[in-house]
*Asks:* 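Just dropping this structure here.
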Amino acid sequence: MDAADVSDDLVNVLFTEAQIQERIKGMAAEIERDYEGKELLIVGILRGAVMVMADMARSFHRHVEMDWMAVSSYGSGTKSSGVVRILKDLDTDISGRHVVIVDEIIDTGLTLSWLTSNLSSRNPASVEIATLLRKPEALQMPVDVKYVGWDIPNEFVVGYGLDYRERYRNLRDIGTLAPHVYS
Ligand code: IMP
Ligand code: MG
């Protein structure tokens with residue numbers, strides 16, 4: 001669906017489908033340059049990163065392996081619970097591998113800070129983070145992010161994999177959720 005289908009639920013559209021595609025192509029090109037001559041494993045964080053992973057992987061003009069992890073750090077609302085738990089681990093042994101964690105958003109940074117140290121303890125050749133969105137004002141944990149699509153204000157956004165109570169993930173655009181939806 002697109003923003004027009006849920007226009008009553010959105011305060012504004014932050015990024016259109018076309019802008020998102022363009023930015024992801026740029027990020028993929030950057031990663032491609034940095035990992036030239038190296039094998040690369042991209043790890044998507046379920047479920048939010050599904051769209052970013054699908055589009056980023058197809059933007060590469062090279063081979064790339066894909067794996068997935070699922071962690072829980074959020075309840076069903078709009079606030080971080082502060083607890084990270086692995087719901088689904090990697091199928092890949094990452095020792096000696098170059099890994100890029102792909103996520104759709106960094107909010108408090110809790111999830112990715114925890115994940116980075118978890119994956120780093122498995123002796124990979126390298127671990128970096130690529131995220132489409134980041135909320136600098138919400139950061140509570142220092143996270144070293146190599147690839148960022150856009151920095152955004154500290155507001156709750158939905159679409160392109162980002163959900164509110166499992167809805168809006170299939171929205172093509174990214175928009176700010178109207179407070180009346182969650183209050
Ligand atoms: P963090 O651990 O607070 O950095 O955020 C972890 C996860 O919370 C993200 O990967 C998202 O799944 C979710 N999240 C954070 N901010 C938003 C938002 O604005 N909309 C939807 N999901 C969000
Ligand atoms: Mg996520």
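Counting convention: from 1, in listed order, for ligands and their atoms alike. The figures that follow rest on heavy atoms only: side chains count, while hydrogens, waters and symmetry mates do not.
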*Asks:* So for V158, does at least one of its heavy atoms come nearer than 4.0 angstrom to any atom of ligand 1?
*Replies:* no
*Asks:* What is the distance from atom CE of M51 to atom CD1 of I20, rounded to the nearest 0.5 Å?
*Replies:* 10.5 Å
*Asks:* Output yes when K146 and E30 qualify as a salt bridge under the 4.0 Å nitrogen-oxygen rule, no when they do not.
*Replies:* no
*Asks:* Considering all heavy atoms of both residues, which atom of A130 and which atom of M27 are nearest to each other, and what is their separation?
*Replies:* CB-CE, 4.3 Å
*Asks:* Has G109 got any heavy atom lying under 4.0 angstrom from an atom of ligand 1?
*Replies:* yes
*Asks:* Apply ring-ring contact (aromatic ring centres under 6.0 Å, His included) to F15 and list each qualifying residue two or more places apart in sequence or on a separate chain.
*Replies:* W150
*Asks:* For H61, what residues pass the side chain to side chain contact (heavy atoms under 4.5 Å, CB included) criterion, not counting sequence neighbours?
*Replies:* E32
*Asks:* If you measure from atom 22 (N) of ligand 1 to every heavy atom of T176, L162, V71, which option wins on shortest distance?
*Replies:* L162
*Asks:* Going by the atom numbers of ligand 1, which of them fall below 4.0 Å from some non-hydrogen atom of D163?
*Replies:* 21 (C)
*Asks:* Is there a heavy atom of M141 sitting under 4.0 angstrom from any atom of ligand 1?
*Replies:* no
*Asks:* To check you understand the geometry: which heavy-atom pair defines the closest contact between S113 and V143, and what is its length?
*Replies:* CB-CG2, 4.0 Å
*Asks:* Tell me, please: is E155 in heavy-atom contact with ligand 1, that is, under 4.0 Å?
*Replies:* yes
*Asks:* Applying a heavy-atom cut-off of 4.0 Å, say which part of K135 lies close to ligand 1: side chain, backbone, both or neither.
*Replies:* side chain
*Asks:* Atom CD1 of I101 and atom OG1 of T131: how far apart are they, to the nearest 0.5 Å?
*Replies:* 10.5 Å
*Asks:* At under 4.0 Å between heavy atoms, which part of L112 makes contact with ligand 1: side chain, backbone, both or neither?
*Replies:* neither
*Asks:* Numbering the atoms of ligand 1 from 1, which are under 4.0 Å from a heavy atom of T108?
*Replies:* 1 (P), 2 (O), 3 (O), 4 (O)
